[in-house]
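Report on the structure given below.
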Amino acid sequence: MTTFKWHATTPLTVQGARDFWDVRYQHDVTPWDRGAINPALVGWLDDKILQPCRILVPGCGRGYEVVELARRGFDVTAVDFSPQAISSIQSKLNASGLNAELIQDDLFTWTPEAIFDAVYEQTCLCALLPKQWRSYANHLAKWVRPKGQLLILFMQTDKAGGPPFHCDFGAMRRLFTDDCWHWPDTEPVESPHSPGFYELGIVLERK
Ligand SMILES: C[S@@+](CC[C@H](N)C(=O)[O-])C[C@H]1O[C@@H](n2cnc3c(N)ncnc32)[C@H](O)[C@@H]1O
């Protein structure tokens, strides 16, 4: 039986993890879901820091950002292993007459046909177990072309446990290493999230 709690004993199988997320979408127990586009992304778009390109949204969930990027002329690929999440985005795209490539797959085994100009990562890293972060960071580095962008929001919970797992900024600085990524001198953008949580957003450039 699937529960809403992530237990230390929850098996780390792809199906176990997929069911964990999918059942939450089915029952609408989705506290991470803003129901709207992340204000950090709106700022990056309005300031033209992110311009129309081929972009990937991994762990896209219900994909408000996917629809907005498609509306603004991006060539969007969105990946999530939850069938509920993918079907929710498809309905929104259909209703708006927009297109994006939607892929229901496991991010750890999926391989894109071509690399991307940019990746928009929101609340997927913090949804993974910290022991998976190094592998996920390696995938992110492989998905972005040289000089491409990684627009990433680091979840701040200041609590132990998860998901969402706290993405300590110093630890993220070490995870997204200098040999792969150029870190800007600018301060991260703060995005409010659900009560007690916020995200720190930053744009890294692939070396
Ligand atoms: C916390 S939710 C965030 C969803 C969305 N990014 C948002 O901000 O609303 C994490 C998402 O990552 C997806 N996910 C987690 N692990 C995944 C994996 N290994 N492969 C594909 N999707 C995954 C889940 O299905 C879920 O939709």
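We count ligands from 1, going down the list as the structure has it; atoms in each ligand are counted the same way. Since the structure is predicted, the reported quantities are computational estimates derived from the model, not experimental observations.
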Exercise for the section: Under the salt bridge (Lys or Arg N to Asp or Glu O under 4.0 Å) rule, collect the residues that match up with Asp46, sequence neighbours excluded. Expected result: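 In terms of salt bridge (Lys or Arg N to Asp or Glu O under 4.0 Å), with neighbours along the sequence ignored, Asp46 is linked to Arg72.
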Exercise for the section: Classify the angle between the aromatic ring planes of Phe108 and His139 as parallel (below 30°), tilted (30 to 60°) or perpendicular (above 60°). Expected result: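 Phe108 and His139: perpendicular rings.
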Handout entry: Enclosure of Lys159 NZ (heavy-atom neighbours >12, cutoff 6.0 Å)
Key =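 Incorrect, the count does not exceed 12.
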Practice task
Give a yes or no on this: more than 12 heavy atoms of other residues, nucleotides or ligands lie within 6.0 Å of atom CD of Gln15.
Solution key: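 Atom CD in Gln15 is not packed in, count stays at 12 or less.
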Problem - Near-ring test Phe169/Trp183, centroid separation under 6.0 angstrom - result: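 Here the rings of Phe169 and Trp183 have centres that are less than 6.0 Å from each other.
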Problem - Short N-O contact, Asp179 and Lys207, less than 4.0 angstrom - result: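 Answer for the salt bridge query: no.
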Between ligand 1 and the protein, which N/O pairs are shorter than 3.5 Å?
residue  : atom   : partner : partner atom : Å
ligand 1 : 6 (N)  : Gly59   : O            : 2.8
ligand 1 : 6 (N)  : Gln122  : O            : 2.7
ligand 1 : 8 (O)  : Gln122  : NE2          : 2.6
ligand 1 : 8 (O)  : Thr123  : OG1          : 3.2
ligand 1 : 19 (N) : Asp106  : OD1          : 2.8
ligand 1 : 20 (N) : Leu107  : N            : 3.0
ligand 1 : 22 (N) : Phe81   : N            : 3.2
ligand 1 : 25 (O) : Asp80   : OD1          : 2.6
ligand 1 : 27 (O) : Tyr25   : OH           : 2.6
ligand 1 : 27 (O) : Asp80   : OD1          : 3.4
ligand 1 : 27 (O) : Asp80   : OD2          : 2.6

